[in-house]
Amino acid sequence: MSRAKKKLSYISVPSQMVNSLSSFSIHSFLVSPKRTSSKPCNRILPCWPLPASPRSWFLCLFLFGLFGLFGMIRLGYNLNSCATLSQLREFPKAQLGRELRSSSDTQKIANAAGGFSEPEALNGGGGNGQLETKSRGGRWRPPEEENEFWKQPDGMGYRSCLDFSEEYRRETPEIMRDRRKYLMVVAAGGLNQQRNQIVDAAVIARILGAALVVPILQVNLIWGDESEFSDIFDVEQFKRVLADDVRVVSSLPSKHLRTRPVVDNLTPAHISPDSIRARYLRKLERVGVLLLRGLDSRLSKDLPPDLQKLRCEVAFQALRFAPRVQEIGDRLAERMRSKGPYLALHLRMEKDVWVRTGCLPGLSRKYDRLINLEREKHPELLTARSSMSYHDRKLAGLCPLNAMEVTRLLKALGAPKGARIYWAGGQPLGGREALQPLTREFPNFFSKDDIALPGELEPFASRASVMAAIDFIICEKSDVFMPSHGGNMGHALQGKRAFEGHKKYITPNKRQMLPYFLNSSIPEPEFSRIMTELHRESMGQPDLKIGKLGRDVTKFPIPHCMCTYINNNNTLTTSHSS
């Protein structure tokens, strides 16, 4: 009889268990010398050498079982962590911010974000992309980003173009050498009113050949804001950009400190450069210091091309916000952008806006009575056309849009329901209830208080102008911007977004669209078609009404501050700046 072959045994181990062991561990347990098998080895039944004794068998099985249990526990922990991160990806950052503010144990929420600190949790893991799915370009791209609503207008090749004439440049050295004349300006009003006056101050200084003392910001009696120029704007940037146009000094030289300046509290409206020289130059050369107040919208909008370019240079390049203001604004804007494009709304729904415009908020009879009573007490607050009824004002497009009207317009223009919306502006009459039509339709609806961390805005709590500057920065960086009403901030953003490449800016065509809002019989698809057609040319495209008088160049930078470059060499081929 032939000798029976000795059978070999095989141990089948789950792949998860094998993966949980290092190659060193496997080698240390399988110490028996290798034996050749009569059966071919395959991937399902690997050829492992067998232990020599039953005791070794039991030891191996015990150790395999122990490490297998450890591997399964570790696998479960990883799955649980993945689930936690997946939930955080879907968790709105502003909501997480509110949870952080309301929780007594904020560190637990930070730990839930994978051990990030609070700022890192809100910023997607400190910018490492651990909490967000990103495209190859490095930015998270949700499906709704491809929505037509986010499409930018055709800029038609227009770019910023501030080439001053030879004559203007020849005059500069003499102006910069002059140490005899100084212009002081007191800028009043809110942030954007002050911006307009600072722009005009720099232009007037150039016209008079005077050095401009860093403007004084008048204490705002409404908000009690005592901010100085350097609290809001970057003084060094202001001086550096204007170094070839206007000499800017931080304060008067000592020899002028006791000089009684020539004071003008009411500059005539629409004053021209020639009138400015005739009115002030002789006095300024004799006394040395001129102090101007009440500059708001006094300088003519129709200036020579070089002075129009100077206006743009001041508004769009020199007036940069102070570093710490810019930093907080950029940080909050990045949080808004962290999950894709966002829309910024400037909502003019404050009590004083309804009073001044002669309009009603459309909330309830209670609020209508409140506004009417306030207007009767202070008739001087009503701005122009006091004989018009509320209904006539509404149809003439003179009233701000309320939340319901903004909601209907955005839906008609194709804003996706999941759109992230940042809203800027003061507290609306009626509080958060006044915003309910918007928040119901667009739940991802945030203000700076929603997206800021606890205490992040506290240093600026008493600085209304700084808070307005933060709103300005976040709106400026948005993919789409829409104001509910005109105003200085909307005009400033319209010009800046145009100057930077015609970023989408929706101008509500109130006069033409409101009759359709009042007609409840129009089916929704037809209403959307009408609204889209009415706003086809109101999306921030280049405004080519060349030569129209009385247009503010800081709102409409074409033709003076933008040119077209249309050939392959990127040289100027068409310009409307002359």
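Hydrogens, waters and symmetry mates are skipped; everything else that's a heavy atom, side chains included, is used.
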Open item on the list: Checking Ile371 against Leu429 for the side chain to side chain contact (heavy atoms under 4.5 Å, CB included) test, could you report, in this order, the C-alpha distance in whole Å, the side-chain angles of both residues, the deciding distance, and whether it holds?
Closed with: CA-CA 10 Å; Ile371 294 301; Leu429 179 67; 3.7 Å; yes
A side-chain contact here means heavy atoms from C-beta on lying under 4.5 Å apart; do [X] and [Y] qualify?
| X | Y | value |
| --- | --- | --- |
| Thr357 | His485 | yes |
| Leu290 | Tyr182 | no |
| His502 | Met562 | yes |
| Ser484 | Pro508 | no |
| Leu162 | Cys561 | yes |
| Lys394 | Leu514 | yes |
| Leu284 | Val262 | no |
| Leu252 | Val289 | yes |

[X] side-chain N/O to [Y] backbone N/O, donor-acceptor pair under 3.5 Å:
| X | Y | result |
| --- | --- | --- |
| Arg320 | Asp234 | no |
| Gln541 | Met539 | yes |
| Gln308 | Lys301 | yes |
| Arg497 | Glu476 | yes |
| Gln197 | Gly294 | no |
| Arg179 | Met176 | yes |
| Lys496 | Phe316 | yes |
| Gln194 | Gly189 | yes |
| Asp264 | Leu292 | no |

Between [X] and [Y], which heavy-atom pair has the shortest distance, and what is it?
| X | Y | answer |
| --- | --- | --- |
| Pro304 | Pro273 | CD-CG, 4.1 Å |
| His535 | Met531 | ND1-O, 2.9 Å |
| Ser465 | Asp225 | N-OD2, 2.7 Å |
| Ile558 | Pro542 | CD1-CB, 3.7 Å |
| Ile204 | Leu295 | CD1-CD2, 3.7 Å |
| Ala202 | Val314 | CB-CG2, 3.8 Å |

Open item on the list: Could you tell me if Arg206 sits above the aromatic ring of Tyr168, with its cationic atom closer than 6.0 Å to the ring centre and no more than 45 degrees from the axis?
Closed with: yes
- [ ] Taking the six-membered ring of Phe472 (Phe, Tyr or Trp), confirm whether the NZ or CZ of Arg195 is under 6.0 Å from its centre and within 45° of its axis.
- [x] yes
Checking side-chain polar atoms at under 3.5 Å, does [X] have a donor or acceptor matched by the opposite partner on [Y]?
| X | Y | result |
| --- | --- | --- |
| Lys239 | Ser250 | yes |
| Thr554 | Asp552 | yes |
| Asn196 | Asp296 | no |
| Asp244 | Thr172 | no |

Rounded to the nearest 0.5 Å, what separates atom [atom1] in [X] from atom [atom2] in [Y]?
| X | Y | atom1 | atom2 | result |
| --- | --- | --- | --- | --- |
| Asp306 | Ser165 | CG | OG | 3.5 Å |
| Leu343 | Met482 | CG | CE | 7.0 Å |
| Met156 | Thr564 | CE | OG1 | 8.5 Å |
| Ile451 | Ile474 | CD1 | CD1 | 4.5 Å |
| Trp354 | Asn402 | CH2 | CG | 5.5 Å |
| Leu299 | His270 | CG | NE2 | 10.5 Å |

Electrostatic pair [X]:[Y] at N-O distance under 4.0 angstrom:
| X | Y | answer |
| --- | --- | --- |
| Arg240 | Glu236 | no |
| Asp330 | Lys477 | yes |
| Lys309 | Glu313 | no |
| Arg298 | Asp200 | no |
| Glu166 | Arg169 | yes |
| Lys555 | Asp543 | no |
| Arg331 | Glu456 | yes |

- [ ] Could you please spell out the steps behind the side chain to side chain contact (heavy atoms under 4.5 Å, CB included) verdict for Gln494 and Phe556?
- [x] CA-CA 8 Å; Gln494 181 174 346; Phe556 302 104; 3.5 Å; yes
Task: Check against side chain to side chain contact (heavy atoms under 4.5 Å, CB included), Leu310 and Leu303 - done: CA-CA 10 Å; Leu310 179 57; Leu303 298 176; over 6 Å; no
- [ ] Determine, step by step, whether Tyr390 and Cys359 satisfy the side chain to side chain contact (heavy atoms under 4.5 Å, CB included) criterion, reporting the C-alpha distance in whole Å, the side-chain angles of both residues, the deciding distance to 0.1 Å, and the verdict.
- [x] CA-CA 5 Å; Tyr390 158 63; Cys359 301; 4.1 Å; yes
Open item on the list: Does atom CD (Glu500) have a neighbourhood of more than 12 heavy atoms from anything else shown, all under 6.0 Å?
Closed with: yes
Task: Glu374 atom CD: more than 12 heavy-atom contacts under 6.0 Å - done: yes
Task: Steps toward disulfide bond (SG atoms under 2.5 Å apart) verdict (Cys563, Cys161) - done: CA-CA 6 Å; Cys563 312; Cys161 174; 2.2 Å; yes
TODO: Take the angle between the ring planes of Phe481 and Tyr505 and call it parallel below 30°, perpendicular above 60°, tilted in between.
DONE: tilted
Task: Chi angles and distances behind the ring pair (Phe, Tyr, Trp, His ring centres under 6.0 Å) call for Phe446, Tyr342 - done: CA-CA 11 Å; Phe446 313 101; Tyr342 70 95; 9.7 Å; no
Open item on the list: Suppose we screen for salt bridge (charged side-chain N to carboxylate O under 4.0 Å, His left out). Which residues come up paired with Glu533, at least two apart in sequence or across chains?
Closed with: Arg536
Task: Asp479: which of Arg420, Lys504, Lys151, Arg337 passes side-chain hydrogen bond (donor to acceptor under 3.5 Å, both in side chains) - done: Arg337
- [ ] State yes or no: are the ring centers of Phe238 and Phe229 separated by less than 6.0 Å?
- [x] yes
- [ ] Assess whether side chain to side chain donor-acceptor pair (under 3.5 Å) is satisfied between Ser538 and Asn509, documenting all intermediate values.
- [x] CA-CA 8 Å; Ser538 304; Asn509 195 339; 4.8 Å; no
